Amino acid sequence: MSSTRHDGRQPDQLRPISFIPHVAPHAAGSVLVSFGNTRVICSATIDEDVPRWMKTQRVEGGWLTAEYSMLPYSTLQRKDRDISRGKLDGRSSEIQRLIGRALRAVTDLKKLGQRTVWIDCDVLQADGGTRTAAITGGCVALAIALNGLMAAGKLKSFPLTQLVSAISAGVVDGAPVLDLDYIEDKGAAVDFNVVMTEGGDFVEVQGSGEEAVFSGDQMSAMLALAQKGSAELVVLQRQAILAADKPSGDSLAALAAAFAR
Ligand code: UDP
């Protein structure tokens, strides 16, 4: 089948995906995730404390939160750091809340104990789909960090209930396509970001027409593409987590059980 995509991919084809673990050795878990030319450093660090609101409201368990930023040299034109501009970019704020929601959806916070997990996602190179790469890599960094806690005997049971990943789909030149890069994203009439669990459930769907509308059939086609992409991503995430760690028997068993669902 010939392709009409500028990089020669089939409509339902992901960009080359890779995960390089342990890129930030001081973090409890880290990975450099690549979706084609989009590269994001994702790390998980663990604070042995919970936010004050949890203590005040006597909420059991722990918390997980995320931060996202684009490094100044991640874009073609230098992007000032938020600190230099004195305020957090609205887009970054929206993306980091999305990452936090996605990862909390698959984390049993009670099992974390009185801890806060910080997921930091720093974009090294932006070429479309930085939020989807951040969620997908953030989950790998989280799993590596939790495996470390299990191996250190700090957790009774594994808090990650299953893996979560995210992928974009859109309508480009009238055709639904998977995993848009920047060139496609710029020209897309419709852009969807879909967050899904490995069990095949949706966590969040962000979809909008860019000066365009979309039909129910197009939406179904984009969601079907995202489902296919997500099923492929989870296999790669699983390989990356197992290859990155020498997990304890318990965490391996828990991961295996989660994967078996
Ligand atoms: N982008 C950029 N500068 C910005 C914001 C975005 O160069 O300040 C580029 C970047 O390549 C990014 C793409 O536009 O990946 C699409 O941005 P969008 O806001 O749709 O988020 P993303 O697709 O990265 O999740």
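All ligand and atom numbering here is 1-based and tracks the order in the structure. Since we're looking at a predicted model, the values are computed, not measured. Any value given below was found using the heavy atoms of this structure, including those in side chains, with hydrogens, waters and symmetry copies removed.
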Report task. Could you please provide the protein residues found below 4.0 Å of ligand 1 on a heavy-atom basis, arranged by chain and number? Result -> T75, K79, R91, A126, D127, G128, G129, T130, R131, Y182, D185
Report task. If a pair satisfies ring pair (Phe, Tyr, Trp, His ring centres under 6.0 Å) and one of its residues is in residues 203-227, list it, with sequence neighbours excluded. Result -> F192-F214
Query raised in the report: Under 4.5 Å between any side-chain heavy atoms of T116 and P51, yes or no?
Result: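 The answer is yes; the side chains approach within 4.5 Å.
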Query - Set of ring-ring contact (aromatic ring centres under 6.0 Å, His included) partners for W118, sequence neighbours left out - result: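 Per chain and number, W118 pairs via ring-ring contact (aromatic ring centres under 6.0 Å, His included) with no residue.
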Query raised in the report: Hey, are D127 and R39 close enough for a salt bridge, meaning a charged N less than 4.0 Å from a carboxylate O?
Result: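 Judged by the 4.0 Å cut-off on N to carboxylate O distance, D127 and R39 do not form a salt bridge.
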Query raised in the report: Hey, is R115 close enough to E48 for a salt bridge, meaning N to O under 4.0 Å?
Result: yes
Report task. Output every pair passing salt bridge (charged side-chain N to carboxylate O under 4.0 Å, His left out) with a member in residues 159-181, not counting sequence neighbours, ordered by first then second residue. Result ->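 Passing the test, one end in residues 159-181: R9-D179, R15-D179.
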